[in-house]
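Here is the structure we will look at, set down as structure tokens.
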Amino acid sequence: MDCDLLIQNGTIVDGTGGPSFAGDLAVRDGRILQVFQTQNSDRADLQAARTVDAAGLVVAPGFIDIHSHVDFNLPVADHPRLLSRLLEQGCTTVVAGNCGFSPAPLAADSPHLDLIHHYLDFISDEPLPLDWITEDAFLSHLERQGVAVNLAQLAGHATVRLSLWGEDYAYPGDDEFVRLERHLEEALDQGAWGVSLGLGYAPGLFAGTGELTCLADLAQRRQVPLTVHLKAYSAVSPAYSPFTGNHNLRALREMLDIAIKTGVRLQISHMLFVGARTWDGCDQGLAMIEQANERGADVAFDSFPYLCGNSTIYIAFPDWFLKKAERNFHNPLAKARLKLEWGFMSRLLGFDLDDIQLMEAHRPRYRQYEGLFFDQIAREMGCSLREAYFRLARDTAGRAACLLHKYNGEPGRDGPLRKVLTHPLCTFETDALLFSRGLANPASRGTFPRAIQLFNKELGLLGLEETVAKMTGRSAERIGLTDRGIIAESNWADLTLFDHVEIRDNTTTQDTGARPSGIRQVFINGEQVVVDGVARPGEKRGRVLRRNG
Ligand SMILES: [Zn+2]
């Protein structure tokens, strides 16, 4: 037998952004053996164990989610159940460990493992075993257990910082800081693809320009990407004092200056303009990035095609409150101050608590409110909006997850969303937290079909080849994956076959869990994992990808 699989009669969109062509392709031992630039309905010269007729379908590289958090799902053995949401939208590879938080690496003998557990709890669906310390041990755990998608993991700055110094947020001094760098470098040696920063919350929030420049230097020295959740995405944030200009643009400026100075490959995570007060600054923000690149920086960004995104319920709480959350929740003075600030902030932000939808309630007695916006929850609870939000945060100890709206616009006013996502520097991502209960983040279900549906088919803002490149080849290039993301001979056979007429995201604000239409067959490393749009249960055909190995 010459090959294991022959895919015939499809339209090949190869992920480079170059023109599509009618062609066939042969797969052997998990890799693309040959790409035929002409169609031949009987390749008598080639013996194939299996032939798939792709007539009427686009054959694309498997989609890459460049900003994922599934590293908090993957260590659990039955994760394919949840991960089917990604496979069924054509995704075959994830870049995880984002926003500064990754399950590894940890500092050996860390006195703060309880704290790590506490933080990880916020974003994992089930308690993680946490029987690893190093990056190598974490990746080995996943290799032994098997994974449903290919994984390129980043090393999280916040995870290492917490495990070394706990909640002591000040810069620890140069000698101490060397220890943090050593842990990150070791993780890179053991297979991590880059370093991630989460600067919107503790402890990353407290990292000053000096610390961030050192981290950028490290990534630049090692020729790996530095991904960053900025200190602010909204007009006002805990990162800076109020009345000091647009915080989101200030946060962007800080990282762009570091990128210009160090030359690091900087990937700005989930490029968002949150709240109506930021939307007019979208053009300026994008221009700042273009100007940084003109000055020699290497900056790009990613974003998702929805006007909402997931976070924890603590997102709306100021830093002073969270520092002593347990006490403050029962202190009437703190509560009064908080509610006053919320009223004040809503005007500065162009965003209020009724723009928040409860996603995962964490407590059985609040499950009935999942899917509702907080103004609806307040009506059902018979209290004020702010009281309802306060109670849910208090009673779940911040564990409830929410969908925040007014991200990059609102229905009927989505200019920022269009500008950000169709920008040549933007790649597509989900940023989705996956929970087995509650409301799904629609991005976990429909990101890639929606990007094609909206920007290519409905709005005509991007060609099909360009749209596909922004979810395959471009993403691979940003992370440094050289043998995936493009259909080429000897690359791994991650393939998504879809119907360009049928492809559609079926999620709505109320039903965020609907399976998309038009994704037909998905292959990972040459093995079929989605048949006629439905994931095969329990499959673990992905690979743990290690940089330099
Ligand atoms: Zn983030």
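None of the values given here were measured: they were computed from a predicted structure. The figures here come from the full heavy-atom set of this structure, side chains too, leaving out hydrogens, waters and symmetry mates.
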Notebook entry, point to check: Only one of T430, D505, N441 forms a side-chain hydrogen bond (donor to acceptor under 3.5 Å, both in side chains) with Y306, so which one is it?
Noted result: D505
Check: So, W492 versus N525: side-chain donor-acceptor pair below 3.5 Å or not?
Finding: no
Next item on the list: Measure across D2 and L33 and return the closest heavy-atom pair with its distance rounded to 0.1 Å.
Entry: O-CD2, 3.8 Å
Notebook entry, point to check: Hey, what do you get for NE2 (H500) to CG (L57), rounding to the nearest 0.5 Å?
Noted result: 12.0 Å
Item checked: Test of ring centre spacing under 6.0 Å for H270 and Y233 -> yes
Check: Would you find a donor on one side and an acceptor on the other, under 3.5 Å apart, between the side chain of R445 and the backbone of G513?
Finding: yes
Next item on the list: Answer whether the closest heavy-atom distance between the side chains of D65 and F428 falls below 4.5 Å.
Entry: no
Next item on the list: Go through the side-chain N and O atoms of N506 and S517 and say whether any donor and acceptor fall under 3.5 Å apart.
Entry: yes
Notebook entry, point to check: Run the side-chain contact (heavy atoms from CB on, under 4.5 Å) check on D24 and I7 step by step: do they pass?
Noted result: CA-CA 6 Å; D24 302 339; I7 298 177; over 6 Å; no
Check: Counting only heavy atoms not in R221, do more than 12 fall under 6.0 Å of its CZ?
Finding: yes
Check: So, the side chain of S444 versus the backbone of A440: is there a donor-acceptor pair under 3.5 Å, distance only?
Finding: no
Margin query: Does either side chain, that of E135 or that of H183, offer a donor lying less than 3.5 Å from an acceptor on the other one?
Written below: no
Notebook entry, point to check: If we only count heavy atoms from C-beta on, is the M271 to H423 side-chain gap below 4.5 Å?
Noted result: no
Notebook entry, point to check: When rounded to the nearest 0.5 angstrom, what is the spacing between CG in L74 and NZ in K540?
Noted result: 10.0 Å
Note to self: If we check ring pair (Phe, Tyr, Trp, His ring centres under 6.0 Å) with Y119, which of these qualifies: F101, F72, Y201?
What the structure shows: F101
Check: Atom OG1 in T11, atom CD in E465: separation rounded to 0.5 Å?
Finding: 10.0 Å
Margin query: What I want to check is whether the side chains of N9 and D53 have a donor and an acceptor closer together than 3.5 Å.
Written below: yes
Checklist line | Steps toward side chain to side chain donor-acceptor pair (under 3.5 Å) verdict (N98, H229) | finding: CA-CA 8 Å; N98 276 289; H229 173 128; over 6 Å; no
Check: Taking the side chain from R265 and the backbone from R478, do they hold a donor-acceptor pair closer than 3.5 Å?
Finding: yes
Next item on the list: Give a yes or no on this: more than 12 heavy atoms of other residues, nucleotides or ligands lie within 6.0 Å of atom CD of Q34.
Entry: yes
Margin query: Walk me through whether Q267 and T427 qualify under side-chain contact (heavy atoms from CB on, under 4.5 Å).
Written below: CA-CA 10 Å; Q267 184 72 14; T427 46; 3.6 Å; yes
Next item on the list: Take C99 and H69 through the test side-chain contact (heavy atoms from CB on, under 4.5 Å) and record every step on the way to the result.
Entry: CA-CA 9 Å; C99 300; H69 292 289; 3.5 Å; yes
Check: Given the rule in the side-chain contact (heavy atoms from CB on, under 4.5 Å) test, do Q8 and V52 qualify, once you have shown the distances and angles that lead to the verdict?
Finding: CA-CA 6 Å; Q8 283 191 301; V52 169; over 6 Å; no
Checklist line | Which atom of S102 lies closest to which atom of Q153, heavy atoms considered | finding: CB-NE2, 3.6 Å
Notebook entry, point to check: Between the side chain of H157 and the main-chain N/O of G204, is any donor-acceptor distance below 3.5 Å?
Noted result: no
Note to self: Just by distance, no angles: are the side chains of Q453 and R504 close enough, under 3.5 Å, to form a donor-acceptor pair?
What the structure shows: no
Next item on the list: Could you verify whether a donor N or O on one side chain and an acceptor N or O on the other, from Q528 and Q521, lie under 3.5 Å apart?
Entry: yes
Checklist line | salt bridge (Lys or Arg N to Asp or Glu O under 4.0 Å) evaluation trace for R182 with D189 | finding: CA-CA 10 Å; R182 217 172 32 233; D189 289 336; over 6 Å; no
Note to self: Listing request: all salt bridge (Lys or Arg N to Asp or Glu O under 4.0 Å) pairs with a residue in residues 67-79, at least two apart in sequence or in separate chains.
What the structure shows: D78-R81
Item checked: Shortest non-hydrogen separation from W132 to L106 and the atoms involved -> O-CD1, 3.7 Å
Checklist line | Distance in Å, L495 CG paired with T92 OG1, rounded so as to fall on 0.5 Å steps | finding: 8.5 Å
Note to self: Is there a salt bridge (Lys or Arg N to Asp or Glu O under 4.0 Å) between D257 and K261? Walk through the geometry before answering.
What the structure shows: CA-CA 6 Å; D257 286 343; K261 191 171 159 198; over 6 Å; no
Next item on the list: Would you please say whether a donor-acceptor pair under 3.5 Å links the side chains of T209 and E254?
Entry: yes
Checklist line | L425 side chain reached by N293 side chain, heavy atoms, under 4.5 Å | finding: yes
Next item on the list: Give the C-alpha distance, both sets of side-chain angles, the deciding distance and a yes or no for salt bridge (Lys or Arg N to Asp or Glu O under 4.0 Å) between E466 and R474.
Entry: CA-CA 10 Å; E466 178 68 8; R474 292 287 153 71; 3.2 Å; yes
Check: Does any N or O in the side chain of K470 come within less than 3.5 Å of the main-chain N or O of A451, such that one atom is a donor and the other an acceptor?
Finding: no
Note to self: Quick one about N73 and D125 (side-chain donor to acceptor, distance below 3.5 Å, no hydrogens or angles considered), yes or no?
What the structure shows: no
Check: To the nearest 0.5 Å, what is the distance between CG (L256) and CE (M288)?
Finding: 5.5 Å
Check: Is the closest side-chain heavy-atom distance between L218 and L188 below 4.5 Å?
Finding: yes
Next item on the list: Starting from the C-alpha separation in whole Å, work towards a yes-or-no answer on ring-ring contact (aromatic ring centres under 6.0 Å, His included) for H67 and F304.
Entry: CA-CA 9 Å; H67 186 98; F304 43 78; 8.6 Å; no
Margin query: So V534 and E88, do their side chains get closer than 4.5 Å, heavy atoms only?
Written below: yes
Margin query: Could you check whether any side-chain N or O of K457 sits under 3.5 Å from a backbone N or O of V501, counting only pairs where one atom can act as donor and the other as acceptor?
Written below: yes
Notebook entry, point to check: Are N150 and D494 close enough, and set up right, to give a side chain to side chain donor-acceptor pair (under 3.5 Å), and what steps lead you there?
Noted result: CA-CA 9 Å; N150 301 314; D494 297 334; 3.0 Å; yes
Note to self: How long is the straight-line distance from CG of L421 back to CG of L417, given to the nearest 0.5 Å?
What the structure shows: 5.0 Å
Note to self: Please give me the minimum heavy-atom distance between S303 and N408, naming the atom from each residue.
What the structure shows: OG-ND2, 3.7 Å
Next item on the list: Please report the closest heavy-atom contact between P80 and G538, naming both atoms and the distance.
Entry: CB-CA, 3.9 Å
Item checked: Working for salt bridge (Lys or Arg N to Asp or Glu O under 4.0 Å), residues D414 and R418 -> CA-CA 7 Å; D414 63 353; R418 295 182 192 194; 3.1 Å; yes
Next item on the list: Please report the closest heavy-atom contact between S196 and G100, naming both atoms and the distance.
Entry: OG-N, 2.9 Å
Checklist line | Sub-4.5 Å side-chain heavy-atom contact between S490 and D483 | finding: no
Item checked: Check: D298 side chain, V264 main-chain N or O, donor-acceptor pair, under 3.5 Å -> no
